[in-house]
Amino acid sequence: MKNLTFSQKRCLTVFAFCVRMFFAGTDQAVIFPSIWRYLQMFHADYWYLGLVLSAYYTVGIASAILVGRLADGNMNLRFSGFVWNLAEIIGNTIYSLHFNMYLPLLGRMVAGFGEGYASAIWAELARITTEEERTRYFALLKVSFFLGVVLGPALNVFLKEFDFYIGNWHIDFRTSPGFFMALMWTLATGIMFVFVYDLSDEMRKERGYEPVSDSLSEERFSKKEQLREAYSMESSEDKHGDMTSSPFTNNDVV
């Protein structure tokens, strides 16, 4: 997969991003409806329900700010995706542990830390797409998220049938949503680790490199082809004395 063109790498990266957004939407649709019946086994009050519901996005806000700052630097997109997805895996696993009433709250807080990675996804897409195609890619991510939200509730049809033990850990209709989503986030992490490329980092390292639209009306250049075209045009123009710089500039991609 080392000889892939820029457009091919971008397609794989966007696919992995869409998978993550789909599971983010599924997480909401599976976990949120099941929280109250889960907390009832601890005889929890309504105020505690509100606390558990808000914990995920409260921590997610702080995490998004942190990831946003890191994304503006030289953050390794693939490795950071693994770390933040690991928070989703661990958080959902803790949430499904029924040994203490505070474990669901702690689990949602830990999982909320993983939500912040979405800001890195949006930032990366802004860097590796042209202005003409950016809206299309952003819409694709949102569609993936809402598709997870729409299809997620259907998963409760078979999650309610779960009833088995792992040691003293009872996986039933109350704890199965967290257990199931931990498995799904593990799958999403594997997909992202294989298919996500640090394209914006490659762009910063390559002289004269910028994204080129993959629309049918425009030529598709790989990274090497872009550079070759830029240098050949620069050499040709220097000979004729028309221009002294390449038309491919090394401006930052927004």
Side-chain angles (χ1 to χ4, degrees), residues 10-40 49-50 52-61 63-64 67 81-82 84-98 104 107-122 124-125 129 134-164 171-196:
R10 182 167 61 181
C11 286
L12 292 175
T13 300
V14 171
F15 165 73
F17 287 166
C18 287
V19 170
R20 192 190 193 281
M21 294 298 289
F22 173 79
F23 283 123
T26 304
D27 189 289
Q28 290 188 17
V30 170
I31 298 293
F32 280 25
S34 66
I35 290 180
W36 177 234
R37 64 181 179 181
Y38 182 19
L39 296 180
Q40 283 180 320
L49 170 64
V52 175
L53 286 172
S54 62
Y56 183 85
Y57 287 109
T58 300
V59 176
I61 292 172
S63 178
V67 175
F82 172 80
W84 265 261
N85 282 354
L86 191 62
E88 297 277 7
I89 297 171
I90 295 174
N92 278 285
T93 302
I94 294 174
Y95 171 81
S96 64
L97 298 176
H98 55 82
R108 294 311 291 166
M109 292 177 66
V110 174
F113 184 77
E115 173 66 17
Y117 187 72
S119 60
I121 292 178
W122 297 114
E124 182 69 4
L125 273 187
T129 58
R134 193 164 299 149
T135 302
R136 183 173 76 246
Y137 281 104
F138 281 8
L140 186 60
L141 286 188
K142 293 302 295 184
V143 168
S144 300
F145 175 80
F146 287 120
L147 190 61
V149 172
V150 171
L151 298 180
L155 296 174
N156 289 305
V157 173
F158 79 92
L159 289 178
K160 69 179 182 179
E161 304 297 331
F162 280 34
D163 189 10
F164 60 91
I171 308 299
D172 61 3
F173 68 96
R174 292 165 295 193
T175 57
S176 59
F179 176 79
F180 175 77
M181 287 312 305
L183 296 179
M184 293 300 99
W185 279 113
T186 302
L187 174 62
T189 301
I191 292 174
M192 291 188 63
F193 194 79
V194 173
F195 294 115
V196 169

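This one's a predicted model, so the numbers in the text were calculated from it and none came from an experiment.
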**Q.** Residue pairs, two or more places apart or on separate chains, that pass side-chain hydrogen bond (donor to acceptor under 3.5 Å, both in side chains) and touch residues 108-121
**A.**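 Matches after skipping sequence neighbours: Asp27-Arg108, Tyr56-Glu115.
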(Q) Would Arg134 and Leu125 count as a side-chain contact (heavy atoms from CB on, under 4.5 Å) here? Give the steps. (A) CA-CA 7 Å; Arg134 193 164 299 149; Leu125 273 187; 6.0 Å; no
Closest approach of [X] and [Y], non-hydrogen atoms and distance?
X: Val196; Y: Ala16; value: CG2-CB, 3.6 Å
X: Val149; Y: Ala29; value: O-CB, 3.4 Å
X: Val67; Y: Ala120; value: CG1-CB, 3.4 Å
X: Thr93; Y: Ala182; value: OG1-CB, 3.5 Å
X: Cys18; Y: Leu140; value: SG-CG, 3.6 Å

Distance in Å, [X] [atom1] paired with [Y] [atom2], rounded so as to fall on 0.5 Å steps:
X: Leu155; Y: Lys160; atom1: CG; atom2: NZ; result: 13.0 Å
X: Leu183; Y: Met181; atom1: CG; atom2: CE; result: 9.5 Å
X: Leu49; Y: Arg37; atom1: CG; atom2: CZ; result: 13.5 Å
X: Gln40; Y: Arg174; atom1: CD; atom2: CZ; result: 9.5 Å
X: Thr26; Y: Phe145; atom1: OG1; atom2: CZ; result: 9.0 Å
X: Ile89; Y: Met184; atom1: CD1; atom2: CE; result: 11.0 Å

Open item on the list: Tyr95 and ring pair (Phe, Tyr, Trp, His ring centres under 6.0 Å): which single residue from Tyr38, Phe32, Phe180 fits?
Closed with: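 For Tyr95, the ring pair (Phe, Tyr, Trp, His ring centres under 6.0 Å) test succeeds with only one of Tyr38, Phe32, Phe180, which is Tyr38.
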Check your understanding: Hey, is CE on Met109 packed in by over 12 heavy atoms from elsewhere, all under 6.0 Å?
Key ->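 It does not: Met109 CE has 12 such atoms or fewer within range.
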Surrounding CZ of Phe138 (heavy atoms of other residues, nucleotides or ligands, distance under 6.0 Å), is the total greater than 12?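 Yes.
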Subject >> Under 3.5 Å: donor-acceptor pair, side chain of Ser63, backbone of Phe113 >> reply: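 Flag set: sc Ser63 to bb Phe113 pair under 3.5 Å.
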| message | Keeping Asp172 on the side-chain end and Thr175 on the backbone end, is there a donor-acceptor pair under 3.5 Å? | response |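 At least one qualifying donor-acceptor pair exists.
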* Out of Asn85, Leu187, Thr189, which residue meets the side chain to side chain contact (heavy atoms under 4.5 Å, CB included) rule with Phe23? ->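 By the side chain to side chain contact (heavy atoms under 4.5 Å, CB included) criterion, Phe23 pairs with just one of Asn85, Leu187, Thr189: Leu187.
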#### Entry: From CA spacing to verdict: side-chain contact (heavy atoms from CB on, under 4.5 Å), Ile35, Leu53
CA-CA 8 Å; Ile35 290 180; Leu53 286 172; 3.5 Å; yes
Would you sort out whether Asn92 and Phe179 count as a side-chain contact (heavy atoms from CB on, under 4.5 Å), showing the intermediate values? CA-CA 6 Å; Asn92 278 285; Phe179 176 79; over 6 Å; no
* Which is it for Phe173 and Phe162 under the ring pair (Phe, Tyr, Trp, His ring centres under 6.0 Å) test, yes or no, and what are the steps along the way? -> CA-CA 6 Å; Phe173 68 96; Phe162 280 34; over 10 Å; no
inquiry  = Is the shortest side-chain heavy-atom distance between Asp163 and Ile171 below 4.5 Å?
reply    =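 Sidechains of Ile171 and Asp163: no contact.
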- prompt: Are Met192 and Val19 close enough that some pair of their side-chain heavy atoms sits under 4.5 Å apart?
  reply: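 With C-beta onward as the side chain, the pair stays apart.
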| said: Run the side-chain contact (heavy atoms from CB on, under 4.5 Å) test on Glu88 and Arg20 for me, step by step, so that the C-alpha distance in whole Å, both residues' side-chain angles and the decisive distance to 0.1 Å come before the verdict. | reply: CA-CA 11 Å; Glu88 297 277 7; Arg20 192 190 193 281; 4.1 Å; yes
Is the distance between the ring centroids of Phe195 and Phe15 under 6.0 Å?
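Here the rings of Phe195 and Phe15 have centres that are less than 6.0 Å from each other.
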